[in-house]
J.: 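Take a look at the following structure, please.
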Amino acid sequence: MKHESPQRKIVRTFCGICFAMLLAACATNSPVLHESQVLMIQGRHEEALVHLENALRENPNNAELRLAVAQTRERISSRQLQQIQAQVKQDSLKRQQETETPARPALVEQTAPTGLDKPINVDFKGATLAQVCQVLYRTSGLNFIFDKDVPLDQPISITLRHTPVREVLSLILLSQQLGQRPVNADTVMIYPNTPNKARDYQPLTVRSFYLTNIEAKTAAATLRTILKARDLISDDKQNVVVMRDTPEAIRMAEKLLAVHDMPEPEVMLEVEVLEVKRSRLLELGLLWPSSLMLSPLASIAGGPVSLKDLVNTTSASLAATVPSFGINARAESGDTNVLANPRIRTRNREIAKIMIGDRVPNISTTSTATGFVAESVQYIDIGLKLDVQPTIYLDNEVAIRINLEVSNITGLIQTKSGTQAYQIGTRNASTVLRLKDGENQVLAGLISDEERSTGRKVPGLGDIPILGRLFGSKLDEGQKTELVLSITPRLIRNNKRPGIDLTEFSIGPESAMRPSAPDMSYFTEAVPVSPPPAAPTAR
């Protein structure tokens, strides 16, 4: 930091004496100037400026008050500049001492904050934009270029404590409805933040986003709705979104797409279907003849039997037909297990289908009035049909919608036209369950139980207790079928909940979207900048 030359000190001292003489000369004529002089002597410069500004508003044509206000503002700006320079000098001396001290090597390795990242305290009361930029220049070495429409004399009042220089500049420009554009590593252009000026000064960037999981048209609709993207096209064939906008909007689009362009979760479903079928049959007893058939024998002449032959029928001319006598003693039992153990991999919210069985042809006949007969074949799926639809959640739980159907052929029906049709028995189950990764769930209870009992006995004798079993036969038949379903989800890939830095970030006001933190990443501190000759200096 260069020291003020002796010539500038003389000029500054002379101006101060003239200002004091002016206040003294006018003090007798204006009580306001007298009060301001007293406040200035006491070091209460801001209060003196408030008195002068109030008096100037009441007497706008008073040249003495106008000159006093200008001189007071200059003294306040100079005092603030001296405070900032003193603080910068003190910080520089402290860092130099820490660097040169061999007893504290840990501090030597620490990187001192750059000029733009240096936290400063500012307290501007009615300072002009030009004066503020001079202070920031001396603090960070940042040069400024102003658009011709930027009001340099507009008063600025702002108070900040321990705030980096880059944020101080952004907040000042935001309060004055001004925008900034980096020109090079140490220069920034300041312009009015209007739509026309923004189009002239804001840099534009073209970025192509190659998407992997989300569709290009969906991503384009999201960017167009949320970020109000200016120029945006989507290539559905290559799944690419091309965007032209400001660098800030491009970075916000990267954050949005980083959250949405994520792979679909997948799950492996381990399914076991078991059908247990048990049958039993018991037939025990005596099979007595149930009928006696008598028929006349043919006549002696060999002709047909006449009525006279029937009248003269004897036991010798009658033929008797008696069913055979037998014993029923039969017992049957059977166990049938039908097992299906498929493993199917599916994506989130996609329906997976499993079919284990046969396709049975069912023939139907159609005849027309002209006598034409046509046959059509329709195939029916017989066996095990399972439809599953998983919904994968971020907490590694899976909700599964299950539709299970088990069918078999129970009989064959003959129609009047001679066509055969199948009689099909079916059992269905539909449910929705939510399981953790690796958790097993068994669905059981689909039971079909049939019991049949039939008997044949001699009337009267077969009803005698205990002894009645000797005059009849009984058939007991039973069939029981149970269906068991076991399902276990195994997560193959799942998404993680994004961090708060991706799911929530500020994009600024509706009129001018921008990131929450002022972006001045274009500036570096690698190249030192020499101050211009006309820049003000501190004592």
J.: Under a 4.5 Å cut-off applied to non-hydrogen side-chain atoms, are Val267 and Arg490 in contact?
T.: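 Answer no - side chains too far apart.
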
J.: Check whether more than 12 heavy atoms from other residues, nucleotides or ligands sit under 6.0 Å from atom CZ of Arg244, and answer yes or no.
T.: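 Open: at most 12 neighbouring heavy atoms sit under 6.0 Å from CZ of Arg244.
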
J.: If every non-hydrogen atom of Ile487 is compared with every non-hydrogen atom of Ile402, which pair is closest and at what distance?
T.: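 Looking at all heavy atoms of both residues, the closest pair is CD1-CD1, 4.0 Å.
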
J.: side-chain contact (heavy atoms from CB on, under 4.5 Å), that's the test. Do Val165 and Leu142 meet it? Break it down for me.
T.: CA-CA 10 Å; Val165 174; Leu142 186 62; 5.8 Å; no

J.: Within the 4.5 Å heavy-atom criterion, are Phe124 and Val135 side-chain neighbours or not?
T.: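 The answer is yes; the side chains approach within 4.5 Å.
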
J.: Does atom CZ (Arg349) have a neighbourhood of more than 12 heavy atoms from anything else shown, all under 6.0 Å?
T.: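 No, the 6.0 Å shell around CZ holds no more than 12 heavy atoms from other groups.
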
J.: Walk me through whether Glu47 and Arg44 qualify under salt bridge (charged side-chain N to carboxylate O under 4.0 Å, His left out).
T.: CA-CA 6 Å; Glu47 297 182 16; Arg44 300 159 61 182; 2.5 Å; yes

J.: Report the C-alpha distance between Glu439 and Thr488 in whole Å, list the side-chain angles of each, state the deciding distance to 0.1 Å, and finish with yes or no for side-chain contact (heavy atoms from CB on, under 4.5 Å).
T.: CA-CA 6 Å; Glu439 182 181 0; Thr488 304; over 6 Å; no

J.: Between Glu215 and Asp236, is there a side-chain heavy-atom distance shorter than 4.5 Å?
T.: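 When only atoms from C-beta onward are counted, Glu215 and Asp236 do not touch, as no gap falls below 4.5 Å.
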
J.: With a 6.0 Å cut-off (strictly less than), is the heavy-atom count around CD of Glu350, excluding the residue itself, greater than 12?
T.: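 It does: Glu350 CD has more than 12 such atoms within range.
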
J.: Look up atom CG in Asn495 and atom OH in Tyr393, then write down how far apart they are to the nearest 0.5 Å.
T.: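 Rounded to the nearest 0.5 Å, the CG-OH separation comes out at 14.5 Å.
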
J.: Carefully, step by step, assess Arg181 and Asp200 under the rule salt bridge (charged side-chain N to carboxylate O under 4.0 Å, His left out).
T.: CA-CA 10 Å; Arg181 176 195 173 186; Asp200 295 337; over 6 Å; no

J.: How about Ile380 and Ser407: do any of their side-chain heavy atoms sit closer than 4.5 Å?
T.: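 Of all side-chain heavy-atom pairs linking Ser407 with Ile380, none is under 4.5 Å.
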
J.: Counting only heavy atoms not in Arg434, do more than 12 fall under 6.0 Å of its CZ?
T.: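 Enclosed.
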
J.: Within a reach of under 6.0 Å around CD1 of Ile351, are more than 12 heavy atoms found that belong to other residues, nucleotides or ligands?
T.: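 For Ile351, atom CD1 is not crowded (no more than 12 foreign heavy atoms under 6.0 Å).
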
J.: Just how far is it from atom CD1 of Ile145 to atom CE of Met189, taken to the nearest 0.5 Å?
T.: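 Taking CD1 in Ile145 and CE in Met189, the distance rounds to 5.0 Å.
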
J.: What I'd like to find out is whether the side chain of Val398 reaches to under 4.5 Å of the side chain of Leu435, using heavy atoms alone.
T.: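 Side-chain contact under 4.5 Å: no.
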
J.: Would you call Asp147 and Pro192 a side-chain contact if the rule is heavy atoms closer than 4.5 Å?
T.: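 The answer is yes, as the side chains (C-beta and beyond) meet within the 4.5 Å cut-off.
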
J.: Mind checking the CG-CG spacing from Asp245 to Leu227? Nearest 0.5 Å is all I need.
T.: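 That separation rounds to 8.0 Å.
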
J.: Enter the distance from Thr346:OG1 to Met268:CE here, rounded to the nearest 0.5 Å.
T.: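 Thr346 OG1 to Met268 CE: 10.5 Å, rounded to 0.5 Å.
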
J.: Would you please test Leu433 and Ile400 for side-chain contact (heavy atoms from CB on, under 4.5 Å) and show each step?
T.: CA-CA 5 Å; Leu433 48 90; Ile400 308 174; 4.2 Å; yes

J.: Kindly compute the distance separating CD (Glu405) from CE (Met355), expressed to the nearest 0.5 Å.
T.: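 Here the rounded value is 8.5 Å.
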
J.: Okay, side chain of Asp358, backbone of Ile382: is any donor-acceptor separation there less than 3.5 Å?
T.: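 Checked: no pair found.
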
J.: Is the closest side-chain donor-acceptor distance between Asp153 and Thr128 under 3.5 Å?
T.: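 Distance-only check fails for Asp153 and Thr128.
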
J.: As an exercise, state the distance from CG of Asn143 to SG of Cys133, rounded to the nearest 0.5 Å.
T.: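 So the gap between those two atoms works out to 10.5 Å.
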
J.: Please tell me if the side chains of Leu129 and Phe144 come closer than 4.5 Å, counting only heavy atoms from C-beta onward.
T.: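 Leu129 vs Phe144: side chains apart.
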
J.: Checking Leu204 against Thr246 for the side-chain contact (heavy atoms from CB on, under 4.5 Å) test, could you report, in this order, the C-alpha distance in whole Å, the side-chain angles of both residues, the deciding distance, and whether it holds?
T.: CA-CA 5 Å; Leu204 297 181; Thr246 62; 4.2 Å; yes

J.: For the residue pair Thr426 and Val406, establish whether any side-chain heavy-atom pair is separated by less than 4.5 Å.
T.: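 Contact flag for Thr426/Val406 side chains = no.
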
